[in-house]
Structures are given as C-alpha cells and as structure tokens.
Amino acid sequence: MTDAREPLLTVEQLHVSYGSIVAVRDLDLEVFPGEIVTLLGPNGAGKSSTLNAIMGCTRASANAIRFDGADVRDEPVERRVRRGMALSPEGRQVFENLTVMENLRLGGASQGKAHGGPAAFDEVTELFPILRDRRDQQAGTLSGGQQQQLAIARALMSRPRLVLLDEPSLGLAPTIVDAIFELIAKLHDRGITIVLVEQNVTRSLEIADRGYVLEGGRVVMSGTAAELHEAGDELVGAYLGIGG
C-alpha cells in the first residue's frame with residue numbers, strides 16, 4: 001500500500017524482551033492519520049508487548065518510534081500522552097477503589113484543565129452516558145462491560161490523536177462486544193487514529209483499514225483488511241491457530 005500522507009506513527013525494528021524471552025523482534029509498522037490498524041495473532045505473538053512499547057510502558061529497543069514526526073523512543077509515558085498518544089490496556093486495569101469520576105480525572109491529569117477537564121468529561125460521557133450516570137460509583141462495582149467503557153473513556157480524557165486499544169472485547173458478553181465495536185467505529189468517525197489488538201479476527205477486519213499478523217514476535221503478513229480477509233484459511237490456520 002502506498003500513501004502520499006506522512007504516517008502518524010512509524011515503528012522501525014522494534015525489539016522487546018523479558019530477560020531471555022524475546023517477545024517482539026525486528027517489527028516494523030506504519031499507521032496513517034485516521035486509520036484503524038489491527039494487530040492479529042495467537043496468544044504470545046507479541047501484540048500487547050508492541051502496544052506497551054509504543055506507549056513507553058515496556059522497555060524496548062528500536063531504530064525509531066516516531067509519532068507525528070518526533071522520535072519518542074527515549075520519552076516517558078507522560079510525555080507521549082502530552083503529544084497525543086493514549087493506551088487502553090488489556091484487562092481494563094481500572095482503579096477499583098476510586099470512583100468513575102476519579103478514574104477519568106486521572107486519565108486527563110497530564111493535560112491539565114484546559115484539555116483534560118470538564119470539557120473532556122463532557123465529550124467522553126457523550127460517548128459513554130452510563131459513566132455520567134455512575135460518576136460517583138466505585139469503579140470496582142461496575143460490570144465488566146462498564147469497566148471496559150471506563151478504561152476506554154479514561155484513555156480519551158487526554159484528547160488523544162492516537163488510541164491503542166488492547167483486547168477491548170476480552171471476556172465480554174456478545175451484546176456488549178457489539179457495543180464496544182460500535183464505539184470503536186464512532187471514534188474512527190471522529191477522526192481518531194486507532195491501533196487495535198483483538199482476538200476477534202472477523203470483527204477486527206470488519207472495521208479496520210489495514211492489519212498486521214504477528215507470530216513469534218514478528219510480522220508474518222500484512223495488508224488491507226480486505227486482503228487479509230481474502231487470505232481466509234491461510235490467515236486463520238497458519239498464523240492465528242484458531243477456528244472461524
């Protein structure tokens with residue numbers, strides 16, 4: 001795929017290891033403004049490690065991690081958030097003993113009142129009205145689907161241009177999964193660029209523009225969503241190791 005625009009995110013030769021275990025090796029990817037790019041692959045393929053490395057949550061080496069033209073390899077998470085990146089982590093990781101509102105305030109804290117204050121709260125609760133209704137409720141008492149909404153909303157409180165979504169449908173009932181994917185489509189419609197890690201291959205390819213398939217920490221296949229969908233049995237059988 002060729003694109004006359006400059007990528008919003010470029011990753012070159014990313015390498016992540018945990019002791020002697022190599023999770024990601026020599027990984028290259030590009031994400032253009034306004035795209036949904038999905039990372040696919042079996043458990044342990046390196047998808048979450050890739051997102052965490054891009055966000056600065058995991059130590060990594062790379063030839064470059066460029067966001068909006070700036071190399072952010074040596075920048076802490078907080079600086080990357082101020083530049084316009086945000087992560088909604090796997091497993092939601094909400095602060096269960098804090099209220100919904102307190103969780104959201106933490107999401108916008110790095111941006112200050114001008115960007116992460118009441119206006120941002122109004123924007124995210126327009127997308128997640130249940131969170132406005134439950135703003136004073138402890139996050140740990142929310143349902144799994146509501147906690148997932150809170151995790152995504154917390155990431156949006158910094159008004160990011162790039163959102164990294166890690167397994168947003170994991171462990172949720174089918175009707176809630178539908179709502180989460182509808183939400184991702186709404187974010188896309190608003191011009192937010194998204195990198196999506198998701199085990200639900202079919203649903204991911206339905207909303208994505210492009211995708212990368214990872215196996216053993218490497219990119220083994222990439223293309224448009226249509227191209228990956230057409231790969232069909234080869235994609236599922238050879239790389240993802242799952243049925244359907």
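It should be emphasised that the depicted structure is a prediction, and the values quoted were computed from it without experimental measurement. No hydrogens, no waters, no symmetry mates; every other heavy atom, side chains included, goes into these values.
In this structure, A86 and A155 approach most closely via the heavy-atom pair CB-O, 3.4 Å. Of all non-hydrogen atoms in A60 and V16, the two that sit nearest each other are CB-CG2, 3.7 Å. Between T141 and Q137 the shortest heavy-atom distance is OG1-NE2, 2.9 Å.
Of the candidates T50, L214, N52, T50 is the only one forming a side-chain contact (heavy atoms from CB on, under 4.5 Å) with V24. Checking L9, V72, V195 one by one against I54, the side-chain contact (heavy atoms from CB on, under 4.5 Å) holds for a single residue, L9. Evaluated for a side-chain contact (heavy atoms from CB on, under 4.5 Å) with R210, the options L205, I36, V37 yield exactly one hit, V37.
Looking at L196 and V163, their side chains never come closer than 4.5 Å, going by heavy atoms from C-beta outward. Residues F67 and R80 are not in side-chain contact: their nearest non-hydrogen atoms beyond the backbone lie 4.5 Å or more apart. Side-chain contact between Q149 and L127: absent, with no pair of heavy atoms (C-beta onward) separated by less than 4.5 Å. At least one side-chain heavy atom of L98 sits under 4.5 Å from a side-chain heavy atom of L106. A 4.5 Å side-chain heavy-atom check between L29 and V219 finds every atom pair outside the cut-off. In this structure, the side chains of R132 and D122 come closer than 4.5 Å at one or more pairs of heavy atoms. Side-chain contact between M55 and V81: present, with at least one pair of heavy atoms (C-beta onward) separated by less than 4.5 Å. By the 4.5 Å heavy-atom criterion applied to side chains, R161 and T193 are not counted as neighbours.
V100 and L183 fall within a single hydrophobic cluster, where Ile, Leu, Val, Met, Phe, Trp and Tyr side chains are chained together by heavy-atom contacts under 4.5 Å. The hydrophobic clustering, which links ILVMFWY residues whose side-chain heavy atoms are closer than 4.5 Å, places L131 and M101 together. There is no path of hydrophobic side-chain contacts, each under 4.5 Å, that joins V22 to L39.
With values rounded to the nearest 0.5 angstrom, E35 atom CD is found 11.0 Å from L162 atom CG. To the nearest 0.5 Å, atoms CG (N97) and CD (Q138) are separated by 5.5 Å. Atoms OG and CD, from S143 and Q148 in turn, are 10.5 Å apart once rounded to the nearest 0.5 Å. Rounded to the nearest 0.5 Å, atoms CG (L87) and CD1 (I152) are 11.0 Å apart. From F95, atom CZ reaches atom CZ of R154 across 5.5 Å, with rounding to the nearest 0.5 Å. The CD1 atom of I65 sits 7.5 Å away from atom CG of D71, with the distance rounded to the nearest 0.5 Å.
Pairs of residues two or more places apart, or lying in two chains, that qualify as side chain to side chain donor-acceptor pair (under 3.5 Å) and include a residue from residues 57-67 are E12-R66. Pairs passing the salt bridge (charged side-chain N to carboxylate O under 4.0 Å, His left out) check and including a residue from residues 39-50, sequence neighbours excluded, do not occur.
When atom types are taken as modelled, the side chain of E167 and the backbone of Q199 share a donor-acceptor pair closer than 3.5 angstrom. No donor-acceptor pair closer than 3.5 Å links the side chain of D166 to the backbone N or O of S88. Although no hydrogens or angles enter the test, the distance criterion places a donor-acceptor pair under 3.5 Å between the side chain of Y212 and the main chain of E30. A side-chain donor-acceptor contact under 3.5 Å links H188 to the backbone of G34.
Defined by atom type and a distance below 3.5 Å, a donor-acceptor pair is present between the side-chain atoms of Y18 and S49.
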Side-chain donor-acceptor distances from residues 168-178 under 3.5 Å, at least two apart:
{"unit_1": "S169", "atom_1": "OG", "unit_2": "E198", "atom_2": "OE1", "d": "3.1"}
{"unit_1": "S169", "atom_1": "OG", "unit_2": "E198", "atom_2": "OE2", "d": "2.6"}
{"unit_1": "D178", "atom_1": "OD1", "unit_2": "R203", "atom_2": "NH1", "d": "2.8"}

